[in-house]
Amino acid sequence: MTAEADFTHRLVEHASALKPLLDEHLADQEGELLAYLFMGDVAAWLHQHSATEADAVRDVLDWLEVEFEEGDFDTRNLIDVGMVEMLPALPEGAAVLDMLGPGLHSRAEIAGLITPPAPA
């Protein structure tokens, strides 16, 4: 199992609400996991559920924050490029962007999704 596949399965084990999303992804890809594409699906799920299931979204984002901070380059890149960069920018993405922890928030700023505060 690749590191990306391992990460994806650990994510879905942590957040069982993402299991149908993974099942659909695997069906669409004839059983092949395309981790970056799947993480884009996760970003869409987070955005879609940020207002109605804020606790579930926050739980997934908190888990991803820890994985991002503690992960190796490949894990960090998968979370950053695969998920963070796929989130909608402000103002549309405000609900989910406001829930990002410091590491992922910084990546969202770099991606241009969030305007950094002006220097005082």
Side-chain angles (χ1 to χ4, degrees):
M1 180 179 299
T2 67
E4 293 167 342
D6 177 61
F7 171 84
T8 301
H9 289 291
R10 288 188 302 109
L11 170 59
V12 172
E13 284 175 15
H14 176 80
S16 60
L18 299 176
K19 175 96 170 75
L21 197 65
L22 179 59
D23 292 343
E24 181 180 344
H25 172 84
L26 292 172
D28 290 347
Q29 303 305 322
E30 299 177 357
E32 184 177 358
L33 172 64
L34 303 176
Y36 282 84
L37 185 61
F38 176 70
M39 290 303 289
D41 295 341
V42 170
W45 183 91
L46 292 167
H47 174 66
Q48 290 167 353
H49 293 87
S50 59
T52 58
E53 298 178 50
D55 289 342
V57 169
R58 188 171 286 107
D59 179 64
V60 171
L61 289 172
D62 289 348
W63 188 88
L64 289 169
E65 179 76 21
V66 170
E67 292 292 316
F68 182 80
E69 292 300 325
E70 296 178 357
D72 60 13
F73 174 83
D74 292 333
T75 298
R76 292 171 61 92
N77 194 59
L78 178 58
I79 295 168
D80 183 18
V81 175
M83 192 279 295
V84 174
E85 290 186 10
M86 297 299 111
L87 293 170
L90 290 175
E92 180 188 356
V96 70
L97 293 170
D98 287 346
M99 292 186 213
L100 295 176
L104 298 181
H105 188 274
S106 174
R107 299 310 304 168
E109 282 184 0
I110 290 168
L113 304 175
I114 300 171
T115 305

Which pair of non-hydrogen atoms, one from Leu22 and one from Thr8, has the smallest distance, and what is that distance?
CD1-CG2, 4.1 Å
Closest heavy-atom pair, Ala56 versus Trp45, reported as atoms and distance to 0.1 Å, is CB-CH2, 4.3 Å
Can you sort out the partners of His47 under side chain to side chain donor-acceptor pair (under 3.5 Å), two or more places apart, ordered by chain and number?
none
Which atom names give the shortest non-hydrogen contact between Glu85 and Leu113, and what distance separates them?
CA-CD1, 4.4 Å
Which atoms form the tightest heavy-atom contact between Met39 and Leu64, and what is the distance?
CE-CD2, 4.1 Å
Supply the atom-to-atom distance Leu78 CG to Phe38 CZ, rounded to the nearest 0.5 angstrom.
10.0 Å
Could you tell me which non-hydrogen atom of Pro20 sits nearest to which non-hydrogen atom of Ser16, and how far apart they are?
CD-O, 3.8 Å
Same cluster or not: are Ile110 and Leu90 linked, directly or through other Ile, Leu, Val, Met, Phe, Trp or Tyr residues, by side-chain heavy atoms under 4.5 angstrom apart?
no
Spatial distance of atom CG (Leu33) from atom NE2 (His25) [nearest 0.5 Å]:
5.0 Å
Tell me which pairs pass side-chain hydrogen bond (donor to acceptor under 3.5 Å, both in side chains) where either residue lies in residues 65-75, with sequence neighbours left out.
Arg10-Glu67, Asp72-Thr75
Other than Leu34, what residues sit in its cluster of Ile, Leu, Val, Met, Phe, Trp and Tyr side chains whose heavy atoms are under 4.5 Å apart, directly or through others?
Leu37
How many angstroms lie between CZ in Arg107 and CE in Met83, if you round to the nearest 0.5 Å?
12.0 Å
Separation of Leu18 CG from Glu13 CD (nearest 0.5 Å)
12.0 Å
Mind listing the closest non-hydrogen atom pair of Leu97 and Ala89 along with its distance?
CD1-C, 4.0 Å
Rounding to 0.5 Å, atoms CD (Glu53) and CZ (Arg58) come to a distance of 13.0 Å
Linking I/L/V/M/F/W/Y whenever any side-chain heavy atoms sit under 4.5 Å apart, do Phe68 and Met86 land together?
no
With a 4.5 Å cut-off on side-chain heavy-atom distances among I, L, V, M, F, W and Y, is there a chain of contacts connecting Leu26 to Leu11?
yes
Nearest 0.5 Å, please: how far is CD1 in Ile114 from CG in Leu87?
8.5 Å
Contact check, side chains of Phe7 and Thr2, non-hydrogen atoms, under 4.5 Å:
no
Hydrophobic clustering (ILVMFWY, side-chain heavy atoms < 4.5 Å, transitive) - are Trp63 and Val96 grouped together?
yes
Side-chain heavy atoms nearer than 4.5 Å, only ILVMFWY residues, links allowed to pass through others: does that put Val66 and Val57 together?
no
